[in-house]
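Below is one structure; the comments refer to it alone.
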Amino acid sequence: MTTPLRLFAHCLYAAAILVMILFCGSEYDWIESMEGAIDATQIEGAGNRTVMMGLALSAALLAQGTVAAVTESLRERCLAFALAGVAALMFLAGQRSSLF
């Protein structure tokens, strides 16, 4: 795998992870800290957050899948699969926190 393509794939992965970090959770979590009687889970929302996190997950998996498919190094292929797993776990954790 050429170095510029590898660098681009890892930068795309890092940007996707950053987007997933920014969009995890609920935008109304701060309400519970201000007023305990209001439950933030009753407020409708998070539709666009789910779409953005799904797109970010797709980009992260595509980047690491490309690295795993093109590289000849077993170590780098294992790292790509591990990083893809981390992205999937982050997505699931973000969805869990916005659903419950």
Side-chain angles (χ1 to χ4, degrees):
M1 182 173 201
T2 62
T3 303
L5 183 60
R6 181 182 299 135
L7 180 65
F8 176 74
H10 288 302
C11 287
L12 178 63
Y13 176 81
I17 292 296
L18 180 64
V19 167
M20 290 175 67
I21 289 171
L22 291 175
F23 282 100
C24 72
S26 173
E27 58 189 318
Y28 299 110
D29 283 341
W30 59 272
I31 291 177
E32 287 183 16
S33 66
M34 298 294 287
E35 179 64 42
I38 299 175
D39 188 15
T41 59
Q42 295 176 348
I43 300 173
E44 299 277 330
N48 292 334
R49 288 176 177 265
T50 303
V51 171
M52 288 301 295
M53 284 188 65
L55 289 173
L57 175 66
S58 299
L61 293 178
L62 177 71
Q64 293 307 311
T66 302
V67 170
V70 177
T71 189
E72 295 176 4
S73 169
L74 180 63
R75 179 180 286 166
E76 190 171 3
R77 187 171 292 134
C78 290
L79 178 65
F81 285 127
L83 290 175
V86 167
L89 288 175
M90 285 183 64
F91 177 78
L92 292 175
Q95 293 305 308
R96 184 179 176 278
S97 67
S98 65
L99 292 176
F100 298 110

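Within the model, atoms OH of Y13 and CG of L62 stand 13.5 Å from one another, a figure rounded to the nearest 0.5 Å. Separating the CG atom in L79 from the NE2 atom in H10 is a distance of 6.5 Å, to the nearest 0.5 Å.
Shown here for A60 and A87, the closest heavy-atom pair between the two residues is CB-CB, 3.9 Å. In terms of heavy atoms, A63 sits closest to A9 at CB-O, 3.3 Å.
Under the 4.5 Å side-chain heavy-atom criterion for ILVMFWY residues, no single connected hydrophobic cluster contains both F8 and V70. Two different hydrophobic clusters hold M52 and L12 under the rule that ILVMFWY side chains link at heavy-atom gaps under 4.5 Å. Under the 4.5 Å side-chain contact rule for hydrophobic residues, L57 and V19 share a cluster. Cluster annotation: L18 and V86 are assigned to the same hydrophobic cluster (Ile/Leu/Val/Met/Phe/Trp/Tyr, side-chain heavy-atom contacts under 4.5 Å, transitive).
By the 4.5 Å heavy-atom criterion applied to side chains, Q64 and F81 are not counted as neighbours.
S73 meets the side chain to side chain contact (heavy atoms under 4.5 Å, CB included) test with T71, R75, E76; sequence neighbours excluded. In this structure, the side chain to side chain contact (heavy atoms under 4.5 Å, CB included) partners of I21, at least two apart in sequence or on a different chain, are I17, M90.
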